[in-house]
Amino acid sequence: MKEYFSETHNKVPLSPPCGLKLVNKIITESLNEKYRLVLGLYLSNHNYQEIAKEMNISVTPVRQKIYFIRKTLFDKLPKS
């Protein structure tokens, strides 16, 4: 899973206090394995339909999981 969160896949540069180590720690501590898998696929440019097929679920739960992941990360990242 580590390769999904490397700097090469990061589209938005993170400021020094909010580095990749912090983001990786938040992801590891806040998300269970299924959510991390969805996030990894999403960050690897898979669309919702591809993720749904890979996870053997419908598209709606994929959308819900990605929304939850984004909200969780936003809430846990330090505010500048």
Side-chain angles (χ1 to χ4, degrees):
M1 223 39 198
K2 187 176 184 180
E3 66 272 11
Y4 293 127
F5 309 113
S6 68
E7 290 184 41
T8 58
H9 288 90
N10 188 6
K11 304 289 189 247
V12 179
L14 298 171
S15 61
C18 180
L20 291 176
K21 287 183 181 180
L22 175 61
V23 173
N24 198 23
K25 180 180 177 186
I26 292 169
I27 290 168
T28 303
E29 292 176 356
S30 303
L31 302 174
N32 68 30
E33 187 176 341
K34 286 186 180 184
Y35 282 92
R36 290 193 307 264
L37 178 59
V38 169
L39 177 61
L41 291 169
Y42 184 71
L43 292 177
S44 295
N45 294 322
H46 288 76
N47 63 37
Y48 291 161
Q49 290 81 15
E50 293 170 337
I51 296 170
K53 186 176 180 179
E54 178 76 26
M55 302 283 300
N56 199 25
I57 58 177
S58 67
V59 174
T60 301
V62 171
R63 288 186 185 137
Q64 292 169 339
K65 288 179 188 322
I66 291 172
Y67 173 81
F68 173 80
I69 291 166
R70 292 176 69 189
K71 183 172 178 356
T72 300
L73 292 176
F74 181 78
D75 291 344
K76 297 211 179 229
L77 286 172
K79 310 302 184 257
S80 302

Ring-plane angle category for Tyr48 and Tyr42, please: parallel below 30°, perpendicular beyond 60°, tilted otherwise.
parallel

OG (Ser58) and NZ (Lys53) are apart, to the nearest 0.5 Å, by 15.0 Å

Between atom CG of Leu22 and atom NZ of Lys76, what is the distance when rounded to the nearest 0.5 Å?
11.0 Å

A side-chain contact here means heavy atoms from C-beta on lying under 4.5 Å apart; do Thr28 and Lys25 qualify?
no

Please report the interatomic distance CD1(Ile66) to OH(Tyr35), rounded to the nearest 0.5 Å.
11.0 Å

Measure the spacing between CD1 of Ile27 and CG of Leu43 and express it to the nearest 0.5 Å.
7.0 Å

Would you say Glu54 has more than 12 foreign heavy atoms packed within less than 6.0 Å of its CD?
no

Measure across Lys34 and Met55 and return the closest heavy-atom pair with its distance rounded to 0.1 Å.
O-CE, 4.1 Å

Rounded to the nearest 0.5 Å, the CZ atom of Arg63 sits from the OG1 atom of Thr60 at a distance of 6.0 Å

Assess whether side-chain contact (heavy atoms from CB on, under 4.5 Å) is satisfied between Ile51 and Lys65, documenting all intermediate values.
CA-CA 11 Å; Ile51 296 170; Lys65 288 179 188 322; over 6 Å; no

For Phe68 and Leu31, the nearest pair of non-hydrogen atoms, with its separation, is CE2-CD2, 4.0 Å

Closest non-hydrogen contact found for Thr72 with Ser30 is CG2-CB, 3.9 Å

